[in-house]
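See below for the structure under consideration.
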Amino acid sequence: MALGLYTAYNVAATVASVPAGRLSDRLGRRGPLLVLAGGVGAFAVAYGLFALSGALVVILAVPFVLAGIGIGAVETAQHSAVAALAPKELRGSAFGLLATVQSLGNLAASGVAGILWSAVSPTAAFVYLAAWMVVALVVLLVATVRSGGRVDDDEGASAQPR
């Protein structure tokens, strides 16, 4: 069962990645943030469904596929968003900061979710993770509105709509 679910996750991530990148390019300067927000939204729904679902493979397949779509969009758009939003002279530092925040965030989220899973319940762990995805989604949407399309127009910035 686990092999099939993770295969579905990876297939969904693979299938979502190129269209997510293309959509990011077509949506103009805010495209990377919008695609990133879409991926985070998919994760939020997936975690919410994990919190509510039972052990039936058919029911579990939906959040696994949504999480795959989420990672396909997030991994595609996050670096593009940094390249589009960071000043040219700080892009290397911005990518380093992205990696640092991701690593520390993954460590903290995994630790807290693991403690919640063990001490309270798996549902509590997934509710916690879904809540953080909702917070991230709100932050991304606010950042998208505030960016107002202001990015550098040199190499590394996202492409304009065609």
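Side chains are part of it too, since the values below use all heavy atoms of this structure and drop only hydrogens, waters and symmetry mates.
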- Check the pair Trp117 / Phe126 against side-chain contact (heavy atoms from CB on, under 4.5 Å), numbers first and verdict last. CA-CA 8 Å; Trp117 184 292; Phe126 284 118; 3.4 Å; yes

For the residue pair [X] and [Y], what are the closest heavy atoms and their distance?
X	Y	value
Gly31	Leu27	CA-CB, 3.5 Å
Ala130	Ala44	CB-O, 3.9 Å
Ala67	Ala46	N-CB, 3.8 Å
Ala81	Leu33	CB-CD2, 4.2 Å
Pro32	Ser80	CG-OG, 3.3 Å
Ala113	Ala125	O-CB, 3.4 Å

Distance in Å, [X] [atom1] paired with [Y] [atom2], rounded so as to fall on 0.5 Å steps:
X	Y	atom1	atom2	result
Arg146	Arg30	CZ	CZ	12.5 Å
Leu34	Leu23	CG	CG	8.0 Å
Arg29	Leu85	CZ	CG	11.0 Å
Leu98	Gln78	CG	CD	5.0 Å
Phe95	Leu90	CZ	CG	12.0 Å
Gln102	Leu97	CD	CG	10.0 Å

- Can you sort out the partners of Phe64 under ring-ring contact (aromatic ring centres under 6.0 Å, His included), two or more places apart, ordered by chain and number?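 Residues passing ring-ring contact (aromatic ring centres under 6.0 Å, His included) with Phe64: Tyr6, Phe50.
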
- Using atom types as modelled and distance alone, determine if a side-chain donor or acceptor of Ser24 lies under 3.5 Å from a backbone N or O of Ala20.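 Judged by distance alone, no pair lies under 3.5 Å.
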
Would a hydrophobic clustering, with Ile, Leu, Val, Met, Phe, Trp and Tyr connected at side-chain separations under 4.5 Å, put [X] with [Y]?
X	Y	result
Val135	Leu140	yes
Met133	Leu141	yes
Leu5	Val11	no
Val15	Ile69	no
Leu129	Val127	no

Decide yes or no for [X] and [Y]: does some side-chain heavy atom of the first lie under 4.5 Å from some side-chain heavy atom of the second?
X	Y	value
Tyr9	Val65	no
Val82	Arg91	no
Thr76	Val35	no

